[in-house]
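Let me begin by presenting the structure, written as structure tokens, before commenting on it.
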Amino acid sequence: MLVYLVTAVILMLTMICVATTMMAMVMERRKEIGLKKAIGAENRSIVSEFLGTGIVLGMLGGCLGCVMGYFFASAISFSVFGRSVSIVPAVIVITLVLSVVVTVIACILPVRRAVRIEPALVLRGE
């Protein structure tokens, strides 16, 4: 139960970190988003751009986490128990899917903010 609680807390903190990173990306690119909307870009293209970025970051983070987690678990297991760790493919798949899902959920608020940007106000400098 303790492991599940720690995992849930880490996933929540990860969601907050991803959301703030994506929000910073939206705020930095306000003029670009406003310009795209002014020349006719649909909200769907803006949503797909930011969600695509989020999915790529989630996949990269999940892959990096799997690799680093394996090496960390191997080092601990070998030093404490004198045994190696076996790789379970199902756990890797679940980890990658969960990392993408967490990233997409965390991107919802920044993407909604990006879609609500008014081109006229942003291009005027307000």
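All values derive from a computational prediction rather than experimental measurement.
A salt bridge does not link Lys37 with Glu42: none of the charged nitrogens is closer than 4.0 Å to a carboxylate oxygen.
Inter-residue side-chain proximity for Arg30 and Ile33 is flagged as unmet; no heavy-atom pair is nearer than 4.5 Å. A 4.5 Å side-chain heavy-atom check between Ile10 and Thr14 finds at least one atom pair inside the cut-off. Side-chain contact between Leu51 and Val111 is present, with at least one heavy-atom pair separated by less than 4.5 Å. Residues Ile108 and Phe50 form no side-chain contact, since every pair of their non-hydrogen atoms from C-beta on lies 4.5 Å or further apart. Between Thr103 and Ile55, the closest side-chain pair of non-hydrogen atoms is not below 4.5 Å. You'll find the side chain of Leu35 stays beyond 4.5 Å of the side chain of Pro119, heavy atoms only. Between Leu57 and Thr53, the closest side-chain pair of non-hydrogen atoms falls below 4.5 Å.
Side-chain atoms of Ser74 come within 3.5 Å of backbone atoms of Tyr70 as a donor-acceptor pair (strictly under, hydrogens ignored). At distances below 3.5 Å, at least one donor-acceptor pair connects side-chain atoms of Ser99 with backbone N or O atoms of Gly58.
Of all non-hydrogen atoms in Val100 and Met59, the two that sit nearest each other are CG2-SD, 3.4 Å. In terms of heavy atoms, Lys31 sits closest to Leu123 at O-CD2, 4.1 Å. Here the closest non-hydrogen pair linking Cys66 and Thr95 is SG-CG2, 3.6 Å. When all heavy atoms of Gly54 and Met22 are compared, the pair lying nearest together is N-CE, 4.3 Å.
The CE atom of Met23 lies 9.0 Å from the OG1 atom of Thr20; values are rounded to the nearest 0.5 Å. Between the CD1 atom in Ile105 and the CE atom in Met15 there is a gap of 5.0 Å [rounded to 0.5 Å].
Open room surrounds CZ on Arg113; 12 or fewer heavy atoms of other groups in view lie less than 6.0 Å from it.
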Show every donor-acceptor pair shorter than 3.5 Å between a side-chain atom in residues 75-82 and any protein atom, with sequence neighbours excluded, or say none if there are none.
from: Ser77; atom 1: OG; to: Arg83; atom 2: O; distance (Å): 2.9
from: Ser79; atom 1: OG; to: Ala75; atom 2: O; distance (Å): 3.1
from: Ser79; atom 1: OG; to: Ile76; atom 2: O; distance (Å): 3.2

